[in-house]
Amino acid sequence: MTDTMAETMKQTVASILKSIERYNPANLEILERYVEMQSRENTYDLGANLAVLKLYQFNPEKFNADITCQILLKALTNFPHTDFTLCKCLLLESVVENETISQIKYLADILEQCDFAQFWNRVHQMPELCSRISGFHDSIRKFVCHVVGITFQTIDKNNLANLLGGIDDVTLKHWVKKYGWRDDGSLIFIANQDENIKTKNITEKIEFDHLAPLMALL
């Protein structure tokens, strides 16, 4: 798809979402193609994706499992935001029983628990599913780096590589540089977390003039 075609589709979808047409099942075809474009072009439009799921909710006979899986996987790429929960709430109970959707839900659960080793293990077991989403792995790595950045002061280099999906040294150096971390041999220095964990004394000053009206009531 050319840039012009992509922009035209984006504008068309935006127009649909601003009007009552967002509830017209006749627009599902273009909205579904827009989801596929997001997967292919590594773009993201939560509002449009929620509109698709809402139309499936109102028109269960038009439900498309493949499109729904793409929407859920795209929502995973936007962790730690709550996009996946929003999407999940729009799924019909019968839909949740779909095997592939159940697998994606499990991925979301372990990602939310920051069980990154188990997450990558499951992802590597279903390469054909996740590889359809352009930029999927790197989007998840951004979330991993976010968690590492607020959790660790230093981390073992091999451990970090595993948390990022078993990446090689060259790729690891890319992520270390991207986040401004420091390579100290076998360790990666993340940040000085002292300020985040230091106990703080909070002193609150109350002027007597502020208390006088209250004391007058006693």
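Predicted model, so just to flag it, every value in this text is computed and none were measured.
- Taking the side chain as every heavy atom from C-beta outward, Tyr179 and Val148 never approach each other to under 4.5 Å.
- A heavy-atom distance below 4.5 Å is found between the side chains of Thr12 and Thr8.
- Listed for the Asp156 side chain is a donor-acceptor partner under 3.5 Å among the backbone atoms of Asn159.
- In terms of hydrophobic clustering, with Ile, Leu, Val, Met, Phe, Trp and Tyr side chains grouped at heavy-atom distances under 4.5 Å, Val147 and Phe189 are assigned to different clusters.
- Clustering of Ile, Leu, Val, Met, Phe, Trp and Tyr side chains at separations under 4.5 Å places Ile20 together with Tyr23, Phe58.
- Between atom CD of residue Gln38 and atom CG of residue Asn49 there is a gap of 4.0 Å, rounded to the nearest 0.5 Å.
- The minimum heavy-atom distance linking Ile67 with Glu32 is given by the pair CD1-O, 3.7 Å.
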- Start with the C-alpha distance between Leu160 and Trp175, add both sets of side-chain angles, then the distance that settles side-chain contact (heavy atoms from CB on, under 4.5 Å), and finish with yes or no. CA-CA 10 Å; Leu160 179 58; Trp175 287 98; over 6 Å; no

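- Once rounded to the nearest 0.5 Å, the distance linking NZ of Lys10 with CD of Glu7 reads 5.5 Å.
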Compile the donor-acceptor pairs under 3.5 Å between side chains in residues 71-90 and protein atoms, sequence neighbours left out, one pair per line.
residue	atom	partner	partner atom	Å
Lys74	NZ	Thr43	O	2.7
Thr77	OG1	Lys74	O	2.4
Asn78	ND2	Asp83	OD2	2.8
Asp83	OD2	Tyr44	OH	2.8

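- A donor-acceptor pair under 3.5 Å is absent between the side-chain atoms of Ser15 and the main chain of Gln11, judged by distance alone.
- Atom CG in Leu50 sits 11.5 Å away from atom CG in Leu31 (nearest 0.5 Å).
- What you find for Tyr34 and Asp45 is that their closest heavy atoms are OH-OD2, 3.0 Å.
- Taking the charged nitrogens against the carboxylate oxygens, Lys157 and Asp183 do have a contact shorter than 4.0 Å, which makes a salt bridge.
- Atom CD of Gln125 is surrounded by more than 12 heavy atoms from other residues, nucleotides or ligands within 6.0 Å.
- In this structure, OG1 in Thr171 is found 9.5 Å from CG in Leu164, a value given to the nearest 0.5 Å.
- Judged by distance alone, the side chain of Asn27 and the main-chain N or O of Glu21 form a donor-acceptor pair under 3.5 Å.
- Not counting sequence neighbours, the partners of Cys69 by the side-chain contact (heavy atoms from CB on, under 4.5 Å) test are Thr100, Ile101, Ile104.
- Here the CZ-OG1 distance, from Arg182 to Thr154, works out to 10.0 Å after rounding to the nearest 0.5 Å.
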Under 3.5 Å, which donor-acceptor pairs link side chains of residues 110-123 to any protein atom two or more places apart or in another chain?
residue	atom	partner	partner atom	Å
Asp115	OD1	Gln118	N	3.4
Gln118	NE2	Tyr106	OH	3.4
Trp120	NE1	Leu163	O	2.7

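- Annotation: ring pair (Phe, Tyr, Trp, His ring centres under 6.0 Å) contacts of Tyr56 (sequence neighbours excluded): Phe63.
- Here the closest non-hydrogen pair linking Ser39 and Gln70 is OG-OE1, 2.7 Å.
- Cluster annotation: Leu17 is connected to Leu55 through the hydrophobic network of ILVMFWY side chains, with a link wherever side-chain heavy atoms come within less than 4.5 Å.
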Tabulate below the donor-acceptor pairs under 3.5 Å that side-chain atoms of residues 133-140 make, not counting sequence neighbours, or state none.
residue	atom	partner	partner atom	Å
Asp138	OD1	Arg141	NH1	2.9
Ser139	OG	Gly135	O	2.9

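- Residue Glu93 qualifies as open at atom CD: its count of foreign heavy atoms under 6.0 Å is 12 or below.
- Nearest heavy atoms, Arg22 versus Gly47: NH2-O, 4.3 Å.
- Expressed to the nearest 0.5 Å, how far CE of Met37 lies from CE of Met9 amounts to 6.5 Å.
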